[in-house]
Amino acid sequence: SLPHALHKMQQLRCHLVRSVSRTLGALSPRSHILSRGFASQATVPERTPEDILKEIQNHPSEVVKLSGVDIDGIQRGKYVQKQKFMSAAKGGFGFCSVIFGWDSGDVCYDNIKYTGTHTGYPDTQAVIDLSTYRQIPWENNMPFFLVDFRDNHGGPLPICPRSLLKRVVSNSRSMGYEPLIGIEFEWFNFKETSHTWATKKQRDPEHLTPGMFGYSNLRTSQNQPFFHGIMNGMSKFGVPLEGFHTETGPGVMEAAIQFGRALESADRAVLFKTGVKEIGHAHGVMPSFMAKIQSDLPGCSGHVHQNLADPATGANLFYSKDDPHHMSPLFKSYLAGQLALLPEFLPFFAPTINSYKRLVDGYWAPTTPTWGVDNRTVGVRVLPDSAKACRLEFRVTGSDMNPYIAVAASVAAGLHGVKHNMELKQKPIVGSAYVAQQSGVVERLPRTLSEATERLANSKVAREALGDDFVDHFVETRRWEIKQFNSEVTDWETRRYFEII
């Protein structure tokens, strides 16, 4: 009968999806070439762990660089002697747990459970991910690997951002979907070094170029060694760039990192930020990925393009030729989940005090949980270009995001909508989302990290999707950040009150 046949077809599809998902999980993230909505077969034979270790053993460098990523998205790593690496590659190695016990300024938290004086800051187990092998072209092709962290039982450490994203991707694959991600960054560049910046007491940095000159070939030609260093260096470092140009603002650049699987894309984003800073130093340039440099200039975004692909065929599951906006029912439910959870998930996308200075009306940054077709004033911009490129652009995230956390949370929010078959009830914004909010048509996102953090603390969905341990730890680190800011005397206060009050 037809119902029986359809049931058998569904069983076969589910079996195939699970089989392909297991295969994908075993592959190196870089063993396939991915484009928007399509995963092609590998064109280069897969390298085994034994192949990689043999290459390291024969490499002329006597040291290997290892790096993990903390809760703020900052690389924390070390150089190890080659033989130490060979041993650690098999059994892992100890890494001081303080990297999850202090803030971006190395000031130790006093409000978290995982580590602290109450535990004595013991080592946590670090495990080298051999599939992340790269060579650093600006460090004489030194071998480089990313690491994950383990708990006391040998399982993934719940508060490790990279492990968090791995869990979300695994969940997506178990549902039959491969999340594909493309990340863009905007950032400012200054004629400074760490020493000149410290000498100036972190005031009045000199912009690399003057004026508001977006998409300027002139400005890039005036700083060719630095910009070519980024383009060529990133390509050789396994962080391919799809596009690279100036943005509006003095010394501002934007780079679009090539679309790929979620974990690989987040890896590339983390490596890009640190790599640009390292390349910049060699050219006397200090890049900054701070979300809002100053109040009268645009902020710096970190947009996250995304769609879901069929693991078996690579087909873009967001596309439907029959819908007016070419959006499949899956796409609509995914988008509905993101819009519903955006207000309570906001600290995952805007994690710093400064993030909220970027999220202001009229400055190219969204302030509402809204969507629209090719509309840059909304929170989620839908781009139904074609069956291959149909996707959304998650625009709330700034360049100060932790890519692992931002990707994990945005994908988890979308999957929540899919799991619960959520209906996309909100109509697309036509025109300005800022006007829609001011007229009361849509709500405003939280205006401060403090407001946003307390909404996250009470989010049941966040705990279901990302785990109590991670949410509790992240919330306490944001409360710590707020506490540090509230105890500071700012320049604004001095200018406003010093003489006149």
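Side-chain atoms are counted along with the backbone in the values below, which use heavy atoms only and exclude waters and symmetry mates. The shown structure was predicted, so the numbers you read here are calculated from the model rather than taken from an experiment.
Ala406 approaches Thr397 most closely through the heavy-atom pair CB-CG2, 3.9 Å. Minimum interatomic distance between Leu165 and Ala262 (heavy atoms only, all atoms of both residues): CD2-O, 3.8 Å. In this structure, Ala340 and Met422 approach most closely via the heavy-atom pair CB-CE, 3.7 Å. Taking both residues in full, the closest heavy atoms of Ala387 and Tyr319 are given as CA-CG, 3.4 Å, listed atom of the first, atom of the second, then distance. The two residues Pro366 and Arg358 make their nearest non-hydrogen contact at CD-NH2, 4.2 Å. Between Pro287 and Phe226 the shortest heavy-atom distance is CG-CZ, 4.4 Å.
Looking at Glu184, its side chain never comes within 3.5 Å of a backbone N or O of Glu254 through a donor-acceptor pair. Looking only at distances, a side-chain donor or acceptor of Thr246 sits under 3.5 Å from a matching main-chain atom of Ser216. Although no hydrogens or angles enter the test, the distance criterion places no donor-acceptor pair under 3.5 Å between the side chain of Ser328 and the main chain of Ser320. No donor-acceptor pair under 3.5 Å is formed between the side chain of Thr274 and the backbone N or O of Leu271. Judged purely by atom type and a 3.5 angstrom limit, Ser170 has no side-chain atom pairing as donor or acceptor with the backbone of Arg167. Counting only distance, with no hydrogens or angles, the side chain of Arg381 and the backbone of Arg395 share no donor-acceptor pair below 3.5 Å.
The number of heavy atoms from other shown groups lying within 6.0 Å of CH2 (Trp364) does not exceed 12. More than 12 heavy atoms of other residues, nucleotides or ligands lie within 6.0 Å of CG in Asn58, so this atom counts as buried by the packing criterion. More than 12 heavy-atom neighbours from other residues, nucleotides or ligands sit within 6.0 angstrom of CG on Asp106. Remark: Lys419 NZ is loosely packed, at most 12 non-hydrogen atoms of other residues, nucleotides or ligands lying under 6.0 Å away. Within a 6.0 Å radius of NZ in Lys273, more than 12 heavy atoms belonging to other residues, nucleotides or ligands are found.
Under the 3.5 Å distance criterion, with hydrogens and angles disregarded, no donor-acceptor pair is assigned to the side chains of Ser399 and Glu186. In summary, the side chains of Asp400 and Thr352 do present a donor paired with an acceptor at a separation below 3.5 Å, with no hydrogens or angles considered. Looking at Ser235 and Asn232, their side chains never bring a donor and an acceptor atom within 3.5 Å of each other.
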| request: Begin with the C-alpha distance, continue with both residues' side-chain angles, and end with the deciding distance and a verdict on side-chain contact (heavy atoms from CB on, under 4.5 Å) for Met401 and Ile183. | output: CA-CA 11 Å; Met401 68 172 171; Ile183 296 176; 3.7 Å; yes
| request: Take Phe259 and Asn307, measure what side-chain contact (heavy atoms from CB on, under 4.5 Å) needs, and give me the verdict at the end. | output: CA-CA 10 Å; Phe259 217 69; Asn307 63 26; 3.9 Å; yes
| query | Which is it for Tyr177 and Tyr334 under the ring pair (Phe, Tyr, Trp, His ring centres under 6.0 Å) test, yes or no, and what are the steps along the way? | reply | CA-CA 12 Å; Tyr177 312 118; Tyr334 187 93; 8.7 Å; no
| request: Evaluate side-chain contact (heavy atoms from CB on, under 4.5 Å) for Cys300 paired with Met290, printing each intermediate quantity in order. | output: CA-CA 7 Å; Cys300 294; Met290 185 174 172; over 6 Å; no
| said: Using side-chain contact (heavy atoms from CB on, under 4.5 Å), reason through Leu346 and Leu456 one step at a time and then give a plain yes or no. | reply: CA-CA 8 Å; Leu346 188 55; Leu456 173 60; over 6 Å; no
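Between atom CG of residue Leu130 and atom CG of residue Leu146 there is a gap of 11.5 Å, rounded to the nearest 0.5 Å. The structure places CD of Glu62 at 13.5 Å from CZ of Phe85, a figure rounded to the nearest 0.5 Å. Taking CD of Gln338 as the start and CG of Leu424 as the end, the distance is 11.0 Å to the nearest 0.5 Å. Taking CZ of Arg162 as the start and NZ of Lys166 as the end, the distance is 4.5 Å to the nearest 0.5 Å. With rounding to the nearest 0.5 Å, the separation of OG in Ser131 from CG in Asp267 is 7.5 Å. Distance check, rounded to the nearest 0.5 Å: CE of Met253 to OG1 of Thr209 gives 9.0 Å.
The aromatic rings of Phe188 and Phe190 sit parallel, their planes meeting at an angle under 30°, below the 60° perpendicular limit. Between His416 and His420, the two ring planes are tilted [angle within 30° to 60°]. Between Tyr215 and His245, the ring planes lie parallel to each other; the angle is under 30°, not in the 30° to 60° tilted range. Using bins of under 30°, 30° to 60° and over 60° for the plane-to-plane angle, the ring pair Phe185/Phe272 lands in the parallel bin.
Using a 4.5 Å cut-off on side-chain heavy atoms (C-beta onward), Val252 and Asn189 make no contact. A heavy-atom distance below 4.5 Å is not found between the side chains of Val430 and Asn375. With contacts defined as side-chain heavy-atom distances shorter than 4.5 Å, the pair Lys65/Gln75 does not qualify. Using a 4.5 Å heavy-atom threshold, the side chains of Arg268 and Pro240 count as touching. Side-chain contact between Asn141 and Pro137 is present, with at least one heavy-atom pair separated by less than 4.5 Å. Between Arg261 and Leu180, the closest side-chain pair of non-hydrogen atoms falls below 4.5 Å. The shortest side-chain heavy-atom distance between Arg478 and Ile71 falls under the 4.5 Å cut-off. For the pair Val80 and Val64, the minimum side-chain heavy-atom distance is below 4.5 Å.
For the side chain to side chain contact (heavy atoms under 4.5 Å, CB included) with Asp148, the qualifying choice from Thr132, Leu157, Asp129 is Asp129, the only one to do so. For the ring pair (Phe, Tyr, Trp, His ring centres under 6.0 Å) test with Phe144, the passing option among Trp138, Tyr79, Phe237 is Phe237; the others fail.
Geometrically, Lys78 does not engage Phe93 in a cation-pi contact defined by less than 6.0 Å to the ring centre and at most 45° from the axis. Cation-pi check for Lys277 over Phe289 is not met; the charged atom does not lie both under 6.0 angstrom from the ring centroid and within 45 degrees of its normal.
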